[in-house]
Every structure is written in C-alpha cells, then in structure tokens.
Enquirer: 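Pasting a structure here, questions to come.
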Amino acid sequence: MSRTARSSSKVASVVPVSFYERAPDIVARALLGKMVVRDWKTERLIGRIVEVEAYFGTEDPAAHSYIGRTARNAVLFGPPGIAYVYFIYGMYYCLNVSCEPDGQAGGVLIRALEPVAGLETMAKLRKLAPNPKPQLLTSGPGRLCQALDITRAAHNGLDVTDPSSCLRIEDDNYHPEAIQVTPRIGIRHAADLPARFLIDKNKFVSGSR
DNA sequence: GGAGCGATGTCCT
DNA sequence: GGACATCGCTCCG
C-alpha cells in the first residue's frame, strides 16, 4: 500500500446521517461542494452541489412543512438524510434532503449542480441537442432532476446516506473558497429571509427571476 | 438579454 | 378551485 495523502483525500465517501441531523441552514451551507451521485443503468451521473436553499419546518411559511404533516410532506418530518422529491407546476420535480432529528421538520432544496460526470447522458435525459452549454444541464432545481432522471415515484423517501442507494450524496473533500448568502428564489412567502446559499462566482448557479 | 406568459399535475382547503 | 420551492418560448428593445 503506497497511497499518498493527496490521492486518499480524493476518495469520495457517503455523507453520514449525523451530518443532516442539524438545522436546515447549517446543513444547506455545509452541502455546498458535496457531490450528488446517481447510478443510472450502467452509468454514474455526478454533479457537484453549487446552490441550495434551507426550508425551516413548521415555522417557515415558504416551507411545505408549514401546514403540518400530510401524506405528501411526511418525509420532511421523518428521519434526516432522506430524499424528498415533489412534483411542481405540472411538469418538473425538485430534490430536497430532509434534516433535523426524526419528528422535527426541515429540509434543504438542491437548486443547482456543476456537472462532473455523465454529461452526454444528462443531455439526452434533458432532450437537448448534443454538446449543449453545460449550464443548461443542471442549473436549476427542475433541470437537475431531469438531467439525473430523479422522480417522485422512484426516489421520494430514499436514503441518500446509504452507499447502496442509486441516489446518494458523497464528500470528496472539496471545500468551496467563498460562499454567498441571498434570499430564496421563486417563492411568495418569507421571500426576504436569507436562506439561499451558493458558491461565489460559480458559473452553474441558477439565474434569479 | 430581459420581461412576460402559458403549460401542466398534484395536493390542500 | 386555486396555489405552486419552474422552465422555455416569444416578443420587444
């Protein structure tokens, strides 16, 4: 065994449950730079998280959990580290990860990824012409779900801390240099709360509207 | 390159 | 019946 410190630091490992057992804004900020890994057929589609938003349980009018526990949002009230996937505007899915301890609601919305592996397949899943601008693949919550073939039926309730899950979040020891905090995007309630976190100067963050 | 708007399913009141 | 954590197209400058 002659593995150097440099190469061993690049070995990716799944992010543990304890990581998610904290407040949504803490988890959101800490998720920047982590990798979303999707085993799709025989391929591995990978994107680095560059933009996220925190949603605060029953106290946050913009959060799905604000109205209390229902069949739809049950995942947010359950154990941490579970994928919460919902369908929005009749055609798109959005990917969240539950946080806070079991019984307490909270979640983080993954808003944008920097594509790392499987770009050709992502383009096909997005129904784009070959060799599109990479920003069109995964910059936006609806886009990244389409690019990684993430659906509510297949992935809602999945444990992203399980190394055998087809959708999981891994840490390869990448640490973003600078992080920016802004209000959340595309919501009507509590739109002034600074709960959107992004990697400063990264080209793959989604635009504001 | 930016603002406006329509498409479209699911869930809750 | 209406809200909705979106996107891509159109139209205008």
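The chains referred to below are lettered A, B, ... by the order of the sequence lines, with proteins before strands, and numbering in each begins at 1. Worth saying up front: this structure is predicted, and the values here are computed from it rather than measured.
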Enquirer: Report the residue (A:His189 or A:Leu136) whose heavy-atom-nearest nucleotide on DNA chain C is the more 5′ of the two.
Expert: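 Result: A:His189.
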Enquirer: Between the base of C:dA5 and the side chain of A:Tyr86, is there a donor and acceptor pair under 3.5 angstrom?
Expert: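 Yes, the side chain and the base share a sub-3.5 Å donor-acceptor pair.
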Enquirer: From OH of A:Tyr93 over to P of C:dA5, roughly how many Å is that when rounded to an integer?
Expert: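 Rounded to whole Å, this separation is 17 Å.
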Enquirer: Rounded to the nearest angstrom, tell me the gap between atom CD1 in A:Ile150 and atom P in C:dA5.
Expert: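 These atoms are roughly 19 Å apart.
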Enquirer: Planes under 30° and centres closer than 5.5 Å, is that true for A:Tyr55 with the base of C:dA5?
Expert: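 Whether judged by distance or by angle, A:Tyr55 passes, so it stacks on the base of C:dA5.
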Enquirer: Shortest non-hydrogen contact from A:Pro163 to A:Val14?
Expert: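 Answer, listing the atom of A:Pro163 first, then A:Val14: CG-CG1, 4.3 Å.
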Enquirer: So which of A:Asp192, A:Asp25, A:Asp60 actually passes salt bridge (charged side-chain N to carboxylate O under 4.0 Å, His left out) with A:Arg184?
Expert: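 Of all the options given, the one that passes is A:Asp60.
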Enquirer: Rounding to an integer number of Å, can you tell me how far A:Tyr92 OH sits from B:dT8 P?
Expert: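 Checked: the OH to P distance equals 11 Å.
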Enquirer: Would you kindly say whether A:Thr138 and A:Glu114 are connected by a side-chain donor-acceptor distance under 3.5 Å?
Expert: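 Per modelled atom types, A:Thr138 and A:Glu114 side chains form no pair under 3.5 Å.
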Enquirer: Taking CZ from A:Arg72 and C1' from C:dC4, how many angstroms apart are they, rounded to a whole number?
Expert: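 Going from CZ in A:Arg72 over to C1' in C:dC4 covers 8 Å.
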Enquirer: Are A:His64 and B:dC12 close enough that a side-chain N or O sits under 4.0 Å from OP1 or OP2?
Expert: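 It does not, given that no N or O in the side chain of A:His64 lies less than 4.0 Å from OP1 or OP2 of B:dC12.
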Enquirer: Nearest whole angstrom, please: distance from the P of B:dC12 to the CZ of A:Phe87.
Expert: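 Atom CZ in A:Phe87 sits about 15 Å away from atom P in B:dC12.
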Enquirer: Send over the distance from A:Asn156 CG to B:dC11 C1', rounded to a whole Å.
Expert: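 Atom-to-atom, A:Asn156 to B:dC11, this comes out as 13 Å.
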Enquirer: Listed by chain and number, what are the side chain to side chain contact (heavy atoms under 4.5 Å, CB included) partners of A:Thr121, not counting sequence neighbours?
Expert: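 Side chain to side chain contact (heavy atoms under 4.5 Å, CB included) list for A:Thr121, sorted by chain: A:Trp40, A:Glu43, A:Leu45, A:Leu125.
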Enquirer: Between C:dA5, B:dT13, C:dT6, which one does the side chain of A:Ile67 approach most closely?
Expert: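 Of all the options, the side chain of A:Ile67 is nearest to B:dT13.
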Enquirer: What integer distance in Å separates A:Gln135:CD from C:dC7:C1'?
Expert: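 Value for this atom pair: 16 Å.
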Enquirer: So, is A:Arg143 near the phosphate of C:dG8, with a side-chain N or O under 4.0 Å from OP1 or OP2?
Expert: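 Yes.
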Enquirer: Across the strands shown, which category fits A:Gly90 at heavy-atom distances under 4.0 angstrom: base, sugar-phosphate, nothing?
Expert: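 Answer is base: heavy atoms of A:Gly90 come under 4.0 Å of a base.
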Enquirer: Across all strands shown, which nucleotide pairs with B:dT8 by Watson-Crick or G-U wobble geometry, both distances under 3.5 Å?
Expert: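 WC or wobble partner does not exist here.
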Enquirer: What I'd like to find out is whether the side chain of A:Phe204 reaches to under 4.5 Å of the side chain of A:Ser139, using heavy atoms alone.
Expert: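 In contact.
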Enquirer: Would you say A:Arg188 places a side-chain N or O within less than 4.0 Å of OP1 or OP2 belonging to C:dT6?
Expert: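 No, because none of the side-chain N or O atoms of A:Arg188 sits under 4.0 Å from OP1 or OP2 of C:dT6.
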Enquirer: Between B:dT8, C:dA5, C:dG8, which one does the side chain of A:Leu109 approach most closely?
Expert: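 Minimum distance to the A:Leu109 side chain belongs to C:dA5.
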Enquirer: Could you give the CG-to-P distance, from A:Leu137 to C:dG8, as a whole number of Å?
Expert: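 After rounding, the reported distance stands at 11 Å.
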Enquirer: May I ask you to evaluate whether A:Arg152 reaches the phosphate of B:dC11, defined as a side-chain N or O under 4.0 Å from OP1 or OP2?
Expert: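 Checking A:Arg152 against B:dC11: at least one side-chain N or O falls below 4.0 Å of OP1 or OP2.
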Enquirer: Please work out if A:Arg111 contacts a base, only the sugar-phosphate, or nothing of the nucleic acid, heavy-atom cut-off 4.0 Å.
Expert: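 Here A:Arg111 touches the backbone only, sparing every base.
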